[in-house]
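Order of appearance sets the numbers: ligands from 1, and atoms from 1 within every ligand.
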Amino acid sequence: MNKVALPGSVWIASDIHLGPATPATSDAFLGFLEAAAEEASALLLPGDIFDAWIGDDVIRQAPPWLAAALEGLQRAAAAIPVWLGRGNRDFLMGQELAGALGAHLLPEPALLRTDYGDVLLTHGDELCTDDQAYQQFRAMVRNPAWQADFLGRPIPERLSLAQQARGESMAANQAKSAEIMDVNSEAVQALFRQTGVTTLVHGHTHRPQRHVLQIDGRKRERWVLPDWDCDHARPPRGGWLVIDGDGLQFFDLAEADE
Ligand code: LP5
Ligand code: MN
């Protein structure tokens, strides 16, 4: 298990889903990055930071929305350690991006050694094992040979394939039950047993919650991170988790503005 030593106040946010059509979410995220740079000891972004990431080479010709996000991440990484995790939308993020930002790539999963204790962090899509169609997709796109082939294609072709994939996914999701698109309880239990941790943090499902479980007679906690949408959702959605010596606590964007 890959361990990451994280003393102090660790801020964690995922599922920001930044893209060309999310100006309000981008603005909220840039404000969050500034606050984290001032108040956090480290910032972890475990996946789906971007709505669709087609390869790190896009940073060489970043459109304005992306250039602003990259600058915000770079500024934060200049102040505190910033860790980038890969989700099902941005699994193609790699070392070129991390290096350009001065950030680090999160192992998957990552065992965080915090002042609260050990916390396991992952994006969470791998726990949705009832969704066989997705797990097949995931196996394909996580294959290094597939990734090399895809990244070898011109950017316009990759953009087109990403749009096709987004369309197919949205259509497929219409036909799926909510249960299938959530984590599988046996997969969660297996992860707790394999790692022996008491606390698991993940995103992906967009169902923010603190779940208390009993596994093998021991209390465990599963914390699900909120997704961000300040452009279409009313009220605007977004938030983060803070882990420090006092424990774990959710923070909501709406409350931060008060
Ligand atoms: O993403 P979301 O929220 O809609 O649903 C996810 C699962 N779907 C995905 C697929 C992504 O949305 C695809 C876009 C990725 C963009 C960047 C990558 C670069 C392009 C890659 C080109 C292939 O993650 C969805 C789950 C849901 O979460 C809940 O967990 O149910 O899973 C599916 O819908 C699986 C579908 O059955 C198939 C997914 C799309 C298949 C596209 C094949 C395109 C062929 C290209 C071959 C080169
Ligand atoms: Mn996701």
Side-chain angles (χ1 to χ4, degrees), residues 12-22 25 29 44-59 63 66 69 84-94 96-97 106 108-109 121-185 187-188 200-209 223-229 231-233 237-241:
I12 307 178
S14 69
D15 300 282
I16 324 296
H17 287 276
L18 295 176
T22 60
T25 306
F29 184 59
L44 282 61
L45 302 169
D48 287 1
I49 305 161
F50 298 101
D51 202 45
W53 190 261
I54 62 167
D56 288 357
D57 51 340
V58 299
I59 70 176
L66 178 56
L84 308 177
R86 275 64 66 89
N88 55 294
R89 304 288 194 84
D90 51 16
F91 52 85
L92 290 172
M93 290 193 300
E96 181 181 348
L97 172 65
L106 267 174
E108 300 164 12
L121 179 68
T122 189
H123 180 63
D125 59 312
E126 75 280 15
L127 298 173
C128 301
T129 52
D130 292 331
D131 191 341
Q132 291 175 13
Y134 171 65
Q135 295 305 328
Q136 285 167 15
F137 172 77
R138 189 179 197 275
M140 174 181 81
V141 298
R142 294 295 189 130
N143 179 302
W146 183 92
Q147 292 193 359
D149 172 76
F150 182 79
L151 293 171
R153 300 176 188 219
I155 283 180
E157 183 181 347
R158 283 183 264 156
L159 281 172
S160 170
L161 287 170
Q163 282 168 351
Q164 176 188 338
R166 287 295 308 121
E168 289 192 26
S169 185
M170 286 189 281
N173 292 357
Q174 298 296 321
K176 288 177 185 173
S177 70
E179 292 71 27
I180 279 184
M181 296 194 285
D182 199 356
V183 296
N184 172 286
S185 57
V188 169
L200 166 65
V201 174
H202 69 84
H204 180 65
T205 62
H206 300 190
R207 304 178 202 199
Q209 188 58 264
W223 293 67
V224 186
L225 298 163
D227 66 304
W228 291 45
D229 179 353
D231 293 276
H232 311 103
R237 276 199 308 266
W240 63 100
L241 181 68

message = Checking one value in my table: which N/O/S atom of His123 lies closest to the Mn ion (ligand 2)?
response = NE2

query = In His204, what N, O or S atom is nearest to the Mn ion (ligand 2), if we give its atom name?
reply =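 Checking each N, O and S atom of His204, the shortest distance to the Mn ion (ligand 2) belongs to ND1.
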
key: Side-chain donor or acceptor of Arg237 paired with backbone N/O of Asp229 under 3.5 Å   = no

For [X] and ligand 1, does the shortest N/O to N/O distance drop below 3.5 Å?
| X | answer |
| --- | --- |
| Asn88 | yes |
| Ser169 | yes |
| Arg166 | yes |
| Arg158 | no |
| Asp131 | yes |

Closest approach of any protein heavy atom to [atom], naming residue and atom:
| atom | result |
| --- | --- |
| atom 43 (C) of ligand 1 | Glu168 OE1, 4.1 Å |
| atom 46 (C) of ligand 1 | Leu161 CD2, 4.0 Å |
| atom 30 (O) of ligand 1 | His204 NE2, 2.8 Å |
| atom 21 (C) of ligand 1 | Trp146 CH2, 3.9 Å |
| atom 20 (C) of ligand 1 | Phe150 CZ, 3.6 Å |
| atom 16 (C) of ligand 1 | Ala52 CB, 3.8 Å |
| atom 45 (C) of ligand 1 | Gln164 NE2, 4.0 Å |

message = Is Thr205 close enough to the Mn ion (ligand 2) that one of its N, O or S atoms comes in under 2.8 Å?
response =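 No - counting backbone and side chain alike, Thr205 has no N, O or S atom under 2.8 Å.
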
task = Using a cut-off of strictly less than 2.8 Å, determine whether Asp48 has an N/O/S atom near the Mn ion (ligand 2).
result = yes

query = If you measure from CG on Asp51 to OG1 on Thr25, what distance do you get to the nearest 0.5 Å?
reply = 9.5 Å

request  = Decide, yes or no, whether a salt bridge links Asp125 with Arg89 under the criterion of side-chain N to carboxylate O below 4.0 Å.
outcome  =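 No, no charged N to carboxylate O under 4.0 Å.
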
message = Between Arg142 and Glu126, does any NZ, NE, NH1 or NH2 come within less than 4.0 Å of an OD or OE carboxylate oxygen?
response = no

task = Consider only side-chain N and O atoms of Gln164 and Glu168, and report whether a donor and an acceptor are under 3.5 Å apart.
result = yes

Answer side chain, backbone, both or neither: which part of [X] comes under 4.0 Å from ligand 1, heavy atoms only.
| X | answer |
| --- | --- |
| Gln136 | neither |
| Arg89 | both |
| Tyr134 | both |

message = If you define the side chain from C-beta out and look only at heavy atoms, does anything of Trp53 sit under 4.5 Å from Asp48?
response =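 Counting from C-beta outward, Trp53 and Asp48 never come under 4.5 Å.
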
ask   = Where do Arg158 and Asp57 land on the salt bridge (Lys or Arg N to Asp or Glu O under 4.0 Å) test, with the steps shown first?
value = CA-CA 11 Å; Arg158 283 183 264 156; Asp57 51 340; 2.6 Å; yes

task = Say whether Asn173 and ligand 1 are in contact under the criterion: heavy-atom distance to a ligand atom below 4.0 Å.
result = yes

